[in-house]
Amino acid sequence: MLIGVPRETAAGEKRVATVPEVVQKLAKLGFGVAVESGAGDAANFADDDYRAAGAEVLPGAADVWARADIVFKVRPPTLEEVGLMREGATLIGFVWPAQNPELMQALQAKRATVLAIDCLPRQLSRAQKMDALTSMAGISGYRAVIEAANAFGRFLNGQVTAAGKIPPAKVFIAGAGVAGLAAIGTAANLGAIVRANDTRAEVADQVVSLGGEFVKVDYEEEGSGGGGYAKVMSEGFQAAQRAMYAQQAREVDIIITTALIPGKPAPKLITAEMVQSMKPGSVIVDLAAEQGGNCELTVPGEAVVRHGVTIIGYTDLLSRLAKQSSTLYSNNLLRLAEELCKAKDGNIVVNFEDDAIRGLTVVRDGELTWPAPPPKLPAAPAKPKAAAPIAAPKGHGHGASEPMSVKSLAIVFGVGALLFLLVGLYAPASFLSHFTVFVLACFVGYMVVWNVTPSLHTPLMSVTNAISSIIAIGALVQVAPPLADGAADRPDGLILFLAFFALALTAVNMFGGFAVTRRMLAMFRK
């Protein structure tokens, strides 16, 4: 099949649906690629780059639409472009079926198959590689901060210079979705004090992790709407939210709004009164300008000054980073092509058993298939039943859950003291000294090893290296005893064997302890 890439005709649109690097990868899937001459010029991709990658460069849009079996697009096609389309061809790109009913009817009349990248079920983890909405939102959030910094009258980061002290700019992000999080990270990296708010409480940790402060609305209500979007909140929540926004507008220097609800106009978050309360020279960047804007004074496609505040409503932020946007978008379409052409034979299969493909497909062979049924998400794992408590073994020892009673402890020590007394009365003096060391060693060994929780045995190995070194010194003394009367005492064969055996075991324990200690310390190094 031949993939056609026409030039985008929307005003101010500089992106292109496929870049030369991706053309080579599409060829490996068995596709041919035809690009309209000049389609990538605005994104700094020349016709010669496409030819070098193996694409055919056609002189006009009519040639591309007429020959292509599959058309890759960025913006929704116009009705004139649909008129040039081959009957039964496939269209892949942004379509926005809810906002373009006439376009949907025209595509049905062409018996087309339409995969709307904006209808991808974003809650499916395996669909993330095809999620162009996320890719584009990250770029727009980044670019919003750059535009705000350009319009702002001073540095974003604070500085102390010989010429005076410059306070850091305060930035407030309304909406902490993908675009909002990208804006938070960019503004924080530029040194600004960043605050953010979102109706979804679960994003608070993400805001903090990127260097921002999460500003909570003083009203309890969950705002997750599914599919990565927020839902429409209650009137009570909206009133509390407006009060919080009014306070932030008086305090901050820059506001970036990102709030969108799919299929509906952008909610109005920043009123004219809030704009009037902002400090002169402040900036508002409205990322929802194309859907009507989150600010009442936003003019889509323009930057205007109202009450001394610059309100940026550009709808071409992605085209202001056209090369980067085109590269990420074309990679998203490549991953979709891989899912459609798993046989790598240059033919696509629209498999409705695949929830991601089913969600994307809004028209198949001229038949309307939108909206798609909700995808089948895996069921949440059932909570395990609480296990019955296991009876603890009686007595005091390794694994016992209850300590030895005072009476039992007194009996054990009494019996031990009696045995020690008997040994002291009848055993030789040389034996008594060794026996005392043996008893003390058993006691110390019990306290530092056997009486310790098993989960602490690994760090304990590093601590007991000191004890192991004492044992090693004792074994060395037995192997080579000190001189007496000018000659070395020759140890007994059994003692010599035991000394060597103890030395070997101690060496293993010592080296193992140092190795464990090294690994433990490495866990805390960056």
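Counting only N and O atoms by type, the side chains of S135 and N332 include a donor and acceptor under 3.5 Å apart.
For the pair S282 (side chain) and K279 (backbone), a donor-acceptor distance under 3.5 Å is present. Checking side-chain atoms of D198 against main-chain N and O of G175 turns up no donor-acceptor pair under 3.5 Å. Panel note: side chain D49, backbone P20; no donor-acceptor pair is recorded below 3.5 Å. In this structure, N157 contributes its side chain and A192 its backbone to no donor-acceptor pair below 3.5 Å. For the pair S209 (side chain) and Q206 (backbone), a donor-acceptor distance under 3.5 Å is present. Listed for the S330 side chain is no donor-acceptor partner under 3.5 Å among the backbone atoms of V22. Within the 3.5 Å criterion, the main-chain N or O of A322 finds no donor-acceptor partner in the side chain of S319. Side-chain atoms of N294 come within 3.5 Å of backbone atoms of A259 as a donor-acceptor pair (strictly under, hydrogens ignored).
Side-chain contact between K28 and K344 is absent, with no heavy-atom pair separated by less than 4.5 Å. In this structure, L269 and Q241 have side chains that are in contact, with non-hydrogen atoms separated by less than 4.5 Å. Looking at Q247 and F172, their side chains never come closer than 4.5 Å, going by heavy atoms from C-beta outward. Using a 4.5 Å cut-off on side-chain heavy atoms (C-beta onward), V16 and Y50 make contact. When side chains are defined from C-beta on, R122 counts as touching L133, because their heavy atoms get closer than 4.5 Å. Taking the side chain as every heavy atom from C-beta outward, I173 and V171 approach each other to under 4.5 Å. When side chains are defined from C-beta on, K216 does not count as touching N197, because their heavy atoms never get closer than 4.5 Å. Taking the side chain as every heavy atom from C-beta outward, L181 and V207 approach each other to under 4.5 Å.
For D131 and R126, the salt-bridge test fails: no basic side-chain N is under 4.0 Å from an acidic carboxylate O. Between K25 and E338 there is no salt bridge, since no side-chain nitrogen of the basic residue lies less than 4.0 Å from a carboxylate oxygen of the acidic one. Ion pair E339/R335 not flagged as a salt bridge, since none of the NZ, NE, NH1 or NH2 atoms sits closer than 4.0 Å to an Asp/Glu carboxylate oxygen.
Because its NZ or CZ atom is both nearer than 6.0 Å to the ring centre of F352 and within 45° of the ring axis, R358 counts as a cation-pi partner of that residue.
Classified by interplanar angle (parallel below 30°, tilted 30° to 60°, perpendicular above 60°), the ring pair Y219/F237 is perpendicular.
Scanning both residues, C341 and N347, for their nearest heavy atoms gives SG-O, 3.4 Å. Pairing each heavy atom of E353 with each of N351, the nearest pair is N-OD1, 3.0 Å. Heavy-atom minimum distance, V203 versus R200: CG2-O, 3.1 Å. The two residues S325 and R15 make their nearest non-hydrogen contact at CB-CD, 3.6 Å.
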Report the C-alpha separation of D218 and M244 in whole Å, then their side-chain angles, then the decisive distance to 0.1 Å, and conclude whether the side chain to side chain contact (heavy atoms under 4.5 Å, CB included) test is met. CA-CA 8 Å; D218 190 16; M244 184 269 290; over 6 Å; no
From CA spacing to verdict: side chain to side chain contact (heavy atoms under 4.5 Å, CB included), Q324, L328: CA-CA 6 Å; Q324 183 69 77; L328 293 183; 3.8 Å; yes
Evaluate the side chain to side chain contact (heavy atoms under 4.5 Å, CB included) criterion for residues T90 and L340: first the C-alpha distance (whole Å), next the side-chain angles of each, then the deciding distance (0.1 Å), finally the verdict. CA-CA 12 Å; T90 299; L340 294 171; over 6 Å; no
Quick one, V5 with V23, criterion side chain to side chain contact (heavy atoms under 4.5 Å, CB included). Give me CA distance, side-chain angles, the key distance, then yes/no. CA-CA 11 Å; V5 183; V23 168; over 6 Å; no
Verdict with reasoning, F94 to Y329, per ring-ring contact (aromatic ring centres under 6.0 Å, His included): CA-CA 11 Å; F94 285 104; Y329 182 69; 5.6 Å; yes
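The line from CG of L287 to OG1 of T258 is 6.5 Å long, rounded to the nearest 0.5 Å. Once rounded to the nearest 0.5 Å, the distance linking CD of Q123 with CG of D355 reads 9.5 Å. Here the CZ-OG distance, from F45 to S326, works out to 6.0 Å after rounding to the nearest 0.5 Å. Distance check: M1 CE to L29 CG gives 13.0 Å after rounding to the nearest 0.5 Å. Separation of atoms CD1 (I284) and CG (D253) is listed at 12.0 Å; rounding is to 0.5 Å. Going from atom CE of M130 over to atom CG of N331 covers 13.5 Å, rounded to the nearest 0.5 Å.
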Taking distance alone, no hydrogens or angles, what donor-acceptor pairs closer than 3.5 Å link side-chain atoms of residues 138-153 to residues at least two apart or in another chain?
| from | atom 1 | to | atom 2 | distance (Å) |
| --- | --- | --- | --- | --- |
| S140 | OG | M136 | O | 3.4 |
| S140 | OG | A137 | O | 2.8 |
| R143 | NE | E147 | OE2 | 3.0 |
| R143 | NH2 | E147 | OE2 | 3.0 |
| E147 | OE2 | R320 | NH1 | 3.4 |

